[in-house]
Protein chains: 2
Amino acid sequence: MRTRDADGTRKRILAAATEDFAEHGIAGARVDRIAARAEVAKAQIYAYYGDKLALFRAVFNQNAAVLVEATPFTPDDLPGYAVGLYNGTMDRPDLIRLLTWARLEGVPPNLDDDAWQEKLDQVAAAQTAGVVTPDISPANILAMLAGVALSWSAVAPMVLPPSADDEHRAALRLVIERSFHA
Amino acid sequence: MRTRDADGTRKRILAAATEDFAEHGIAGARVDRIAARAEVAKAQIYAYYGDKLALFRAVFNQNAAVLVEATPFTPDDLPGYAVGLYNGTMDRPDLIRLLTWARLEGVPPNLDDDAWQEKLDQVAAAQTAGVVTPDISPANILAMLAGVALSWSAVAPMVLPPSADDEHRAALRLVIERSFHA
DNA sequence: AGAACGCAACCGACCAGTTGGTAACTTGTC
DNA sequence: GACAAGTTACCAACTGGTCGGTTGCGTTCT
């Protein structure tokens, strides 16, 4: 038997679950496979996390914030922020998948509205300060910015030849600059 | 028993499958449920389509083209094309879900490269004609354009308050115009 | 007749979740 | 320190139900 290490076991389960959920989604993930990956008896998973959906929520809550909060929001430098988001998607493609699965499978987003509202306010402030174009609403600016930044991870795998990251970043900068600078 | 109508049966199966796959994905879809929805015995599904994955591919192939080809590509009017794509996503959100699920679950995209290549060429032509900005590659232009057009369907459901469609379209026009016009 | 269509019932594999019990650590008592 | 009692981490084996896929037979049309 493995030596007793409750905390380590929890973490191994969560790590294995993150992989499996990112790869297969909720419906496609297999608890037995997660147990095998974590080198843990299946019963432990139920002891620690309740059931499959609760396990997914634990995985999701731990990781969802990571991507968004990993790149500091800079309303005065939207191109820089967009590139930061893009870098995040490249570093951790599994997080994007996790987010996408959650959306498709209808798991309540659970993103704190406060952080979002704060960003909206900051954009609005940048608009009145004359740094950001005033002719698009803050919500639409952020939505589109995120859309472009994520576009490679969403569209590229289907059709795009793998081209240089630097080129993507440059194009991204250009587009955000042109679109949203006052 | 239902009156004999092979072709109608095929179509009812395909329609029911489209709904169920769009809602639940491949792993989450249930053949029994599809059969019930189509008011068809399960065995009919296997007789007509082989197995679950083949059924998904049939659904996918029938619908994937629809969204892309429904809006004519107009290299000289990229904003108009973007709005067309956006309208498509609003009219048939299920198609977006289908596409997304196919991507996540690793079903070979099967988009014909010819159509894609043709669009790339048309953009390149528009660039040399001086209608489209020359400082971003055609592939990146198309990827980002699609990204912005799809951004509401991907990002909005998580955070955005349901705002007016017209506002989205106007913002979209503005962004594409500023980003890609020569 | 016979080919095409339709279906209820069935099957075997799989899978989320449970049980009953064992091994390792902790605490209390002398 | 030594030993027992209590607690926590762990797990192999099982269970009940679900799901993809099949079979054998009835029905309808030509």
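The structure displayed is predicted, hence computed values, not measured ones. Here is how names work: the chains are called A, B, and so on, in the same order as the sequence lines, proteins then strands, and each is numbered from 1.
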[X] [atom1] to [N] [atom2]: how many Å, rounded?
X	N	atom1	atom2	answer
B:L53	D:dC19	CG	P	18 Å
A:K11	D:dA9	NZ	P	14 Å
B:I45	C:dA8	CD1	P	13 Å
B:R12	C:dC7	CZ	C1'	13 Å
B:L55	D:dG21	CG	C1'	13 Å
B:Q44	D:dG20	CD	P	17 Å
B:Y49	D:dT22	OH	P	17 Å
B:I34	D:dC19	CD1	C1'	12 Å

Strictly by ring pair (Phe, Tyr, Trp, His ring centres under 6.0 Å), give each pair with a member in residues 14-44 of chain B just once, sequence neighbours left out.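 Every pair satisfying ring pair (Phe, Tyr, Trp, His ring centres under 6.0 Å) with a residue in residues 14-44 of chain B: B:F21-B:F56.
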N/O contacts under 3.5 Å, protein versus nucleotides 11-16 of chain C?
| unit_1 | atom_1 | unit_2 | atom_2 | d |
| --- | --- | --- | --- | --- |
| C:dC15 | OP1 | A:R30 | NE | 3.0 |
| C:dC15 | O5' | A:R30 | NE | 3.1 |
| C:dA16 | OP1 | A:A29 | O | 3.3 |
| C:dA16 | OP1 | A:R30 | NH1 | 3.3 |
| C:dA16 | OP1 | A:K52 | NZ | 3.2 |
| C:dA16 | OP2 | A:V31 | N | 3.1 |
| C:dA16 | N7 | A:K42 | NZ | 3.1 |

Has the side chain of B:D32 got a donor or acceptor atom that lies under 3.5 Å from a matching backbone atom of B:K42?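 Checked: no pair found.
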Kindly indicate whether a cation-pi arrangement holds for A:R57 with A:Y49, taking the cut-offs as under 6.0 Å to the six-membered ring centre and within 45° of the axis.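 That pair does not qualify as a cation-pi contact.
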Pairs under 3.5 angstrom only: tabulate donor-acceptor contacts from the side chains of residues 174-182 of chain A to other protein residues two or more places apart or in another chain.
| unit_1 | atom_1 | unit_2 | atom_2 | d |
| --- | --- | --- | --- | --- |
| A:R178 | NH1 | B:S179 | O | 2.6 |
| A:R178 | NH2 | B:D135 | OD1 | 3.2 |
| A:R178 | NH2 | B:D135 | OD2 | 2.4 |
| A:S179 | OG | A:V175 | O | 2.8 |
| A:S179 | OG | B:S179 | OG | 2.8 |

What nucleic acid atoms does B:Y48 come within less than 4.0 Å of, heavy atoms only: base, sugar-phosphate, or nothing?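 The answer is sugar-phosphate, as B:Y48 gets under 4.0 Å only of primed atoms, P, OP1 or OP2.
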Measuring only between side-chain heavy atoms, which start at C-beta, is B:N140 closer than 4.5 Å to A:W152?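 They are in side-chain contact.
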Using distance only, find each side-chain donor-acceptor pair of residues 72-85 of chain A under 3.5 Å and give its atom names and separation, not counting sequence neighbours.
| unit_1 | atom_1 | unit_2 | atom_2 | d |
| --- | --- | --- | --- | --- |
| A:T74 | OG1 | A:D77 | O | 3.0 |
| A:D77 | OD1 | A:G80 | N | 3.0 |

For A:E19, salt bridge (Lys or Arg N to Asp or Glu O under 4.0 Å) partners two or more places apart: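 Partners of A:E19 under the salt bridge (Lys or Arg N to Asp or Glu O under 4.0 Å) test: A:R37.
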Atom pairs, protein N/O to nucleotides 6-8 of chain D N/O, distance under 3.5 Å:
| unit_1 | atom_1 | unit_2 | atom_2 | d |
| --- | --- | --- | --- | --- |
| D:dT8 | O2 | A:R4 | NH1 | 2.3 |
| D:dT8 | O2 | A:R4 | NH2 | 3.1 |

Identify the heavy atoms of B:Y46 and B:K52 that sit nearest to each other, and give their distance.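 Taking B:Y46 first and B:K52 second, the nearest heavy atoms are CE2-N, 4.5 Å.
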Linking I/L/V/M/F/W/Y whenever any side-chain heavy atoms sit under 4.5 Å apart, do A:I96 and B:L104 land together?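 No, A:I96 and B:L104 fall in different hydrophobic clusters.
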Is there a side-chain polar atom (N or O) of A:T9 under 4.0 Å from OP1 or OP2 of D:dC10?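 The answer is yes; a side-chain N or O of A:T9 sits under 4.0 Å from OP1 or OP2.
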